[in-house]
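Please read the structure below before turning to the comments.
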Amino acid sequence: MTVRTRFAPSPTGYMHIGNLRTALYAYLHARKNKGTFILRIEDTDQARLVEDSVKVIYESLAVTGLEHDEGPDKGGPVGPYTQSERRGLYKEYALKLLAEGHAYRCFCDKTEKAEEPDEEHDAPILGYDGRCGRLSPEEIAANLAKGLPYVIRQRIDKEGSTSFRDFIYGDIVVENKQLDDQILLKRDGYPTYNFANVVDDHLMGITHVMRGCEYISSTPKYILLYKAFGWEIPEHIHLPHILGPSGKKLSKREGSVALGDFLKKGYLPEAILNYIALLGWNPGTEQEFFTKADLIEKFDIARIGKAPAMFDEVKLLWLNAQHIKALPPGRAHELFLGFYPAAISGAFDAAKLTGYIQGKVEKLEDIPRMTAFLAGLDEKYSPELFVHAKNKTTLESSRAVLADLQAVLGALPAWEYAGILAAVKGYAEAKGAKLGPVMWPLRIAISGLAVTPTGAAEIAELLGKPETLRRISVALAKL
RNA sequence: GCCCUCUUCGUCUAGCGGUUAGGACGCUGCCCUUUCAAGGCAGAGAUCACGGGUUCGAAUCCCGUAGAGGGCGCCA
């Protein structure tokens, strides 16, 4: 049987990183097995529709390269792929359930109370008591005649228990009395997630249902639905949660949760994918750096874990640096260019600069801060920077070195890295000094910083001869 | 409240009856070096949540307990 997986997000306006991981796993499993990856938009909550948010979903999948084979924008054999366009279908199937006694009309009006759930107090919320399920045909007819609005609820026999085997968590058994007569079709005629999901997954031929483990508790109800329809039950793969730093579900209050946030900070899509893939899955080897192609090759749902994982941006940062380092130079430069201050991309050999710092950039967002000193020297730096114990430099030694260097470099006919380095080395040798005591003052003088993304000779080359000499003069004036 | 699930270094994890409990991030130190970083090496860091079993032997199997997370919406 060909594998068919689906990613079924709701248009909320942003791509939650946890949802992205679900999409990634579904995508990887499909690709790994030469199957089909489907995108389905779950927009059944009319009150929550957010303008343009479907676009965000398309863009997110595009930028991360999780391209789908079937979906609203691409079509396919089991469309439409947007739930709001499938309303007729849900009604048809709900009616079928109704006719067979697996569902009933409920005329109770609980819309008011259900508006705002009380999140602070975990007051016991009792499920629906099933009263409308006991209405006589005459009562139902009377209500219908009165034009009373109604919902359709699943009728669940409270005797016995329902079980299913989750691919990750194993056998899950729940007593039926724990199961609520959940609403299948809302008053407005739209299906609930609970119903639409089952109907669509079946109609779309989904073989592996992958979703967050918050659905484990309600899956028995879905199983009952499959059974009522007489449908084959697909493989269920519930994924452990991704937690925020506090150990709670990753939420906006604790920092970035949206793919867009990370992209804006200069995390590479491949690094993000790589990192979240490892949150809850491991290859069984010690490999941690993965390209998307690697992931497709190595991914295996059998190695998904059960325990929730905390999102650690520090490790993501490290992985991001690894991915930046691995970028082909041309591609790196393309990306870096967008982050260089205008003065740099104009006046400097920016491609050369990229080459010098590619190995040190952890995230693109840091580039302006790392390179600002090239565009303009902050002349107010402290002379104390010249004093460095390990290199045995002092204010006096620095002054002497810089004065000499000004002459040595000033006499240089050509201006490029190798020549500059050779000149400085030659000077140090002539003085019988090690390179450190000479390089340190030079680097401080031309950068004004204790920490720079690249060495003194590289910086001097980028700055050009006049500016290098000028900055040395500025330093000399301080000393 | 009821139900479901989870629990190995701070974090991500390996482990699936016998290991000095391995790796990665982070941290510390050393080396290299043209500073920092990168790279290389080394180190600290886990009585495997706790308590009982089973077994010659348990992080691994069983039963409890605790803690944490999730569900109980005309949200998904």
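So you know, we letter chains A, B, ... as the sequences are listed, proteins then strands, and number each from 1. These numbers come from the heavy atoms of this one structure, side chains and all, not from hydrogens, waters or symmetry mates. Please read all numbers here as calculations on a predicted model, not as lab measurements.
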Any base atoms under 4.0 Å from [X], or only sugar-phosphate, or nothing? Heavy atoms, all strands.
X	answer
A/Val314	sugar-phosphate
A/Val424	nothing
A/Tyr417	base
A/Leu421	base
A/Ala450	base

Is there a donor and acceptor pair, one atom on the side chain of [X] and one on the base of [N], closer than 3.5 Å?
X	N	result
A/Ser218	B/G71	no
A/Arg443	B/U34	no
A/Lys315	B/A24	yes
A/Tyr215	B/U5	no

Can you tell me if [X] and [Y] form a side-chain donor-acceptor pair at under 3.5 Å?
X	Y	result
A/Asp171	A/Ser163	no
A/Lys298	A/Gln287	yes
A/Tyr340	A/Thr354	yes

Among the nucleotides [options], which one has an atom lying closest to any side-chain atom of [X]?
X	options	value
A/Lys249	B/G70, B/U11, B/C36	B/G70
A/Asn194	B/A76, B/G73, B/C4	B/A76
A/Ile183	B/C74, B/C4, B/C25	B/C74

Looking only at side-chain N and O atoms, does [X] come under 4.0 Å of OP1 or OP2 in [N]?
X	N	result
A/Lys186	B/A76	yes
A/Thr44	B/A76	yes
A/Asn282	B/U13	no
A/Lys306	B/U5	no
A/Lys434	B/U34	no
A/Arg303	B/G15	yes

Residue mapping more 5' on RNA chain B - nearest nucleotide basis, A/Ile172 or A/Lys360: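 Per heavy-atom nearest nucleotide, the more 5' residue is A/Ile172.
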Of A/Lys425 and A/Gln83, the one whose closest RNA chain B nucleotide lies more 5':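 Nearest nucleotide further toward 5': that of A/Lys425.
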Please determine if A/Lys363 and A/Glu313 form a salt bridge, counting it only when a charged side-chain N lies under 4.0 Å from a carboxylate O. no
Regarding A/Asp404 and A/Lys431, does a basic nitrogen lie under 4.0 Å from an acidic carboxylate oxygen? yes
Could you check how far [atom1] of [X] sits from [atom2] of [N], rounded to whole Å?
X	N	atom1	atom2	answer
A/Lys431	B/U34	NZ	P	20 Å
A/Arg105	B/C74	CZ	P	19 Å
A/Tyr14	B/A76	OH	P	15 Å

Complementary nucleotide for B/U65 - Watson-Crick or wobble, under 3.5 Å: B/A49
B/C41 pairs with, by Watson-Crick or G-U criteria that keep both distances under 3.5 Å: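 In the structure as shown, B/C41 has B/G29 as its Watson-Crick or wobble partner.
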Test ring pair (Phe, Tyr, Trp, His ring centres under 6.0 Å) on A/Tyr90 and A/Tyr190 and set out the steps. CA-CA 8 Å; A/Tyr90 307 122; A/Tyr190 279 88; 8.8 Å; no
